[in-house]
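Order of listing sets the numbers, starting from 1, for every ligand and every atom in it.
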Amino acid sequence: MKSDEFIIALDQGTTNSRALLVNKNAKVEAIAKKEFKQIYPKPGWVEHDPLEILETQKEVLHRLIDKNNIHSTQIKAIGIANQRETTVLWNKNTGKPVYNAIVWQDKRTTSICEDLKKKQWQEYIKRTTGLPIDSYFSAPKIKWILDNVKGLREEAENGNILFGTIDTWLLWNLSGRNIHATDYSNASRTMLFDINNLTWDEKLLSVFQIPKSILPEIKQSSGFFGNIILNGIEIPVSGIAGDQQASLFGHGCLKKGMVKNTYGTGCFMVMNTGEKPIFSKSGLLTTIAWGLNGKIFYALEGSVFIAGAAIQWLRDDLGFIKSSGESEEIASSIKENNPVYVVPAFAGLGAPYWDMYSKGAIFGLTRGTGKNHIIKATLDSLAYQTKDVLEAMQIDASFQITSLKVDGGASSNNYLMQFQADILNATVVRPKTIELTALGAAFLAGLAIGFWKKSEFFENLETERVFVPDMADSKREYLYEGWQRSVTASMNWSKQ
Ligand SMILES: Nc1ncnc2c1ncn2[C@@H]1O[C@H](COP(=O)(O)OP(=O)(O)O)[C@@H](O)[C@H]1O
Ligand SMILES: O=P(O)(O)OC[C@H](O)CO
């Protein structure tokens with residue numbers, strides 16, 4: 001091992017818990033990861049077991065340290081990046097979750113959201129929290145758990161229940177059930193947080209009937225959260241951010257107008273908009289990028305709910321491929337001009353459509369369509385959804401995007417990245433490491449303790465490949481027009 005001091009990043013994603021060892025040169029030296037169970041109790045419902053999340057996260061942390069012969073004294077700080085919005089409520093006396101974690105993709109709270117829309121809360125919620133009303137966010141999930149677990153609201157009112165997004169759940173447990181906190185970026189995904197005044201919003205707490213006592217303290221994304229005891233040594237957790245904001249930071253998108261796109265379970269394009277929130281008229285949400293050095297930075301985000309998850313569906317449910325990576329060769333082998341479209345609206349549609357009732361669909365089937373066409377069309381859908389979001393993001397001449405920085409599991413797919421460049425008519429820039437989420441969390445943690453000086457870690461980020469657009473305008477327009485018709489047809493499909 002060359003380095004002798006490290007930052008560890010815990011990257012708790014929708015499908016994997018990961019721990020990464022980051023050295024002084026800002027390089028990822030080792031990774032340990034473990035997939036965990038996705039629970040689908042009913043159509044549209046998605047849950048995780050909070051204890052399994054905690055156990056897999058601890059397991060990969062210990063495996064990383066043991067396998068690489070790291071002594072706890074070599075770990076200078078820990079940063080956490082997490083799947084956002086996913087909601088856990090637990091009893092603070094027993095430490096036990098009162099219900100499974102309700103995952104960001106879960107659709108069970110559509111009627112709570114519908115009710116809010118009927119009562120005309122859209123304007124207030126957008127202005128206050130930056131968010132559209134959608135079952136994606138934490139507040140309706142908290143309300144659902146409080147309404148549906150017998151006696152829970154009373155327990156919560158008596159001060160026995162805590163709420164957390166996954167960062168908070170991990171921090172509370174890893175700190176010896178001591179610290180109940182989150183950072184600004186995660187707070188901004190709850191639909192309870194006033195992103196202008198930086199406080200929990202009393203009006204929304206009352207609308208959702210959520211007792212304030214269950215909410216965590218909110219801190220800067222880079223700063224001291226608490227200590228974790230690892231093999232008898234105290235290690236500070238000094239960076240926390242939602243995974244997409246962490247990835248924005250990891251890419252070095254520190255200036256207004258800089259943008260990245262992460263292809264994980266979902267696909268999230270995020271643009272730094274500086275120290276003032278900008279409110280989109282075309283379906284993007286306004287969110288907090290991070291709190292750093294006493295300042296708040298804002299971002300515009302296009303959240304696509306199903307991206308890599310659609311490739312997992314091909315693998316695990318349809319059995320069309322044995323591994324996600326196999327999709328690359330299959331898609332590259334199809335040369336026909338008769339496009340099939342898969343609209344993977346398995347969890348409704350996020351940005352820019354925000355349709356909780358859209359359902360997945362396949363269009364353009366002929367007798368000659370085989371499973372390979374469907375594999376290619378599923379990969380293509382990641383690129384089309386990204387184009388939808390990018391179009392929404394070009395709000396004026398100062399936000400023209402001609403180059404897109406990418407990361408996340410599916411960005412390793414060369415077919416997809418080339419098709420992405422073609423359909424956007426923009427270059428796609430892939431860094432040498434696609435673990436930008438983890439790097440972002442590590443950078444936030446390392447900055448807080450002086451492990452790195454301001455921004456020096458970005459100097460070591462290298463580009464691995466640039467994908468240059470190579471498609472005729474007429475073909476691009478023809479293909480995209482077919483996608484737009486397909487999405488439109490899938491919308492408002494069923495309220496079940
Ligand atoms: N070569 C590939 N081609 C397409 N999709 C891929 C490829 N490799 C991984 N994926 C997809 O990427 C996702 C995993 O990426 P990751 O960034 O780990 O996601 P998360 O953080 O959401 O758990 C999975 O949904 C998987 O299907
Ligand atoms: O698990 P990921 O990396 O797809 O990210 C999930 C998002 O944070 C949900 O908002």
Task: Contact (N/O only, under 3.5 Å) between W104 and ligand 2 - done: no

Task: R189, any N or O under 3.5 Å of ligand 2 N or O - done: no

- [ ] Among all protein heavy atoms, pick the one closest to atom 5 (N) of ligand 1 and tell me residue, atom and distance.
- [x] A410 CB, 3.4 Å

- [ ] Write out the residue and atom name of the closest protein heavy atom to atom 1 (O) of ligand 2, then the distance separating them to 0.1 Å.
- [x] T14 OG1, 2.4 Å

Open item on the list: Out of Q244, E301, E85, who is nearest to atom 10 (O) of ligand 2 when you count heavy atoms only?
Closed with: E85

Task: Heavy-atom proximity to atom 2 (C) of ligand 1, best of S411, G264, S324 - done: S324

TODO: Let me know which of F346, F320, Y40 forms a ring pair (Phe, Tyr, Trp, His ring centres under 6.0 Å) with W313.
DONE: F346

Open item on the list: Contact between ligand 2 and G266 is defined here as a heavy atom of the residue under 4.0 Å from a ligand atom; is it met?
Closed with: yes

TODO: Mark the output for R18 as yes if a heavy-atom distance to ligand 1 is under 4.0 Å, and as no if none is.
DONE: yes

Open item on the list: Within the structure, is a non-hydrogen atom of E328 found at a distance of less than 4.0 Å from ligand 1?
Closed with: no

TODO: May I ask you to list the atoms of ligand 2 that are less than 4.0 angstrom from any heavy atom of Y136?
DONE: 9 (C), 10 (O)

Task: Contact atoms of ligand 2, heavy-atom distance to Q83 under 4.0 Å - done: 8 (O)

- [ ] Pick out which of I70, V22, L20, L64 makes a side-chain contact (heavy atoms from CB on, under 4.5 Å) with F6.
- [x] I70

- [ ] Select one of side chain, backbone, both or neither to describe which atoms of A307 lie under 4.0 Å from any atom of ligand 1, heavy atoms only.
- [x] neither

Task: Sub-4.0 Å atoms of ligand 1 with respect to non-hydrogen atoms of T15 - done: 20 (P), 23 (O)

Task: Residue N16 vicinity, atoms of ligand 1 by number, heavy atom under 4.0 Å - done: 18 (O), 23 (O)

- [ ] Decide if the gap between the ring center of W493 and the ring center of Y357 is smaller than 6.0 angstrom.
- [x] no

- [ ] Ignoring angles and geometry beyond distance, decide whether G408 reaches within less than 3.5 Å of ligand 1 through its nitrogen or oxygen atoms.
- [x] no

